[in-house]
Undergrad: 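The following block contains the structure, expressed as structure tokens.
Start at 1 and go down the list; that is how both ligands and their atoms are numbered. We count residues from 1, following the sequence as given.
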Amino acid sequence: MPIQLFNTLTRKKEEFKPIKAGEVGIYTCGPTVYNYVHIGNLRTYIFEDILKRVFLYNSFKVRHVMNITDVGHLTGDADSGIDKMLLAAQREKKTAWDVAKFYTREFFKDTGRLNIIKADIVCKATEHIKEMIELIQRLEKKGLTYTAGGNVYYDISKFTDYGKLALLKPEDLKAGARVGVDANKKNPHDFVLWFTKSKFDEQEMKWESPWGKGYPGWHIECSAMSMKYLGEHFDIHCGGIDHIPVHHTNEIAQSEGATGKKWVNYWLHGEFLVLETGRMGKSLGNFITIQKLIDQGFGPLDYRYFCLNAHYRKQLTFTVDALEGAKNAFRRLKERYFEFRKSREKADKAKFKKYEDEFLEAVNNDLNMPQALAILWQVVDDSNLNGAEKRFLMEKFDEVLGLNLKNSKEEVVALSPEARKLIEEREKARKARDWKKSDELRNRLKEIGIQVLDTPEGQKWVAEK
Ligand code: AMP
Ligand code: ZN
């Protein structure tokens, strides 16, 4: 069953054809490490993780590369504003290097909590300055650049395909100067490849270059590093939809401008997570982190489950109520899974091939995760399947869903030391057939929000809402 993906380049769902049979190269734009990631960013990383898992599920050899932006990304995408790293360094009274180190670590902590598989290659912009300079020199040799006011710019009028990803028309490109546009630019859509005259006196991150001491523009890192690790022509490039008109458009201009050939075959973009009040953004200051959700009593995987309920190309509105609903459904799913796990029956694979086929069809159909989840629930509720069969399918499907069912026991209730002690005591009391003590302990657990159920397999517990 072939994998079908919606390609932003053609605005069509297409059958995925790898450059090299059985292998796929994926580049995903990583975080700018000047702050924590918010759950909107994380929605995009979850979508990319699902994409990768679908390829693994289809037995592809996956090579996944992700960058870490630790220099050059200004607060305005069109080279306006201030370097985000510098902004954070000032805010936190640290060096930009320390800021980058701290938030990179936090990023991987958050993605780890969401069971997102780490990229095979994680590459930092600040460690690839040489590759970026070489790429700018290639562009310079091809006559695609100009220098003005001390900076090196990409001249989009020299690249005929400029704007093809965003379907920009010639009249869009001639449009008048956008707010805050740099007066050195010949065209408002030209963009900086290398800043030599920093507008920020305090900019710490600077390197020698053929054009003077300075630092790279934001887009060049993704072209330079993706081509270094995936080659000049590779399969898939992803990010959030906000990257279509500027960042990815400029990445294409740089890469194809330098090589003179097609760079990426499939472009995939995830829609935004929004709040009822509108957009959430790091710079807007209204962002929610995974830690904040944990502080409110949610598990990180509750959020992952929540995201799976919407197709990645549909906008998703976050509310605490909706997350609460996802949390409850996910808890029920885990409870059923534990029930099936105890089954001593034998699985008859012939009985559930239909479900395997349907699941594969759903995930291969442009990552239709709502459909995949619906199939999972059909399995759970199917009275013709025994526990062993259900367990087998749940674990298999979880290779794509990434809900970490196999290891989820501890997470059903993140037990406090006090609750753990009470549960252990109750276990002992039950073994000693001390029903009075056992009931007392059950009541004490109830007071701290833990409901204990006695089942033929022993006591089970769930957190009360
Ligand atoms: P940034 O660190 O700003 O470059 O963003 C990291 C990733 O998150 C990029 O792929 C963005 O497109 C994506 N992104 C930013 N805001 C949101 C949002 N509200 N919902 C989903 N993805 C987002
Ligand atoms: Zn990028």
Undergrad: Would you tell me whether Y154 and H189 have side-chain atoms, one donor and one acceptor, within less than 3.5 Å of each other?
TA: no
Undergrad: So is there a nitrogen or oxygen of D242 less than 3.5 Å from a nitrogen or oxygen in ligand 1?
TA: yes
Undergrad: Would you please indicate yes or no on a ring centroid separation below 6.0 angstrom for Y229 and H128?
TA: yes
Undergrad: Which atoms of ligand 1 have any heavy atom of H38 under 4.0 Å away?
TA: 16 (N), 17 (C), 19 (N)
Undergrad: Using a 4.0 Å cutoff against the non-hydrogen atoms of P31, which atoms of ligand 1 qualify?
TA: 2 (O)
Undergrad: Using a strict 4.0 Å cut-off to heavy atoms of Y45, name the atoms of ligand 1 that fall inside it.
TA: 6 (C), 7 (C)
Undergrad: Within a distance under 4.0 Å of any heavy atom of L273, pick out the atoms of ligand 1 and give their elements.
TA: 18 (C), 19 (N), 20 (N), 21 (C)
Undergrad: Taking only Lys NZ, Arg NE, NH1 and NH2, and the carboxylate oxygens of Asp or Glu, determine whether K228 and E131 approach each other closer than 4.0 Å.
TA: yes
Undergrad: Between E271 and ligand 1, is there a nitrogen or oxygen pair with a distance under 3.5 Å?
TA: no
Undergrad: Kindly say whether the aromatic ring centers of H237 and H248 come within a distance under 6.0 Å.
TA: yes
Undergrad: Using only heavy-atom distances, determine whether the side chains of E48 and T44 contain a donor-acceptor pair under 3.5 Å.
TA: no
Undergrad: So, is C29 placed with an N/O/S atom under 2.8 Å from the Zn ion (ligand 2), counting both backbone and side chain?
TA: yes
Undergrad: Please tell me whether K13 and N365 have a donor and an acceptor in their side chains that are separated by less than 3.5 angstrom.
TA: yes
Undergrad: Rounded to the nearest 10°, what angle sits at the Zn ion (ligand 2) between OE2 of E251 and NE2 of H247?
TA: 70°
Undergrad: Less than 4.0 angstrom from a charged side-chain N to a carboxylate O is my criterion; do K261 and E232 meet it?
TA: yes
Undergrad: Between C29 and ligand 1, does any nitrogen or oxygen pair lie at a separation below 3.5 Å?
TA: no
Undergrad: State, without any angle test, whether S157 and D155 hold a side-chain donor-acceptor pair at a distance under 3.5 Å.
TA: yes
Undergrad: Restricting to N/O/S atoms, is H248 within less than 2.8 Å of the Zn ion (ligand 2) or not?
TA: no
Undergrad: Would you say W218 has any N or O atom under 3.5 Å from an N or O of ligand 1, going by distance alone?
TA: no
Undergrad: Go through ligand 1 atom by atom and flag the ones less than 4.0 Å from a non-hydrogen atom of T44.
TA: 10 (O), 13 (C), 21 (C), 22 (N), 23 (C)
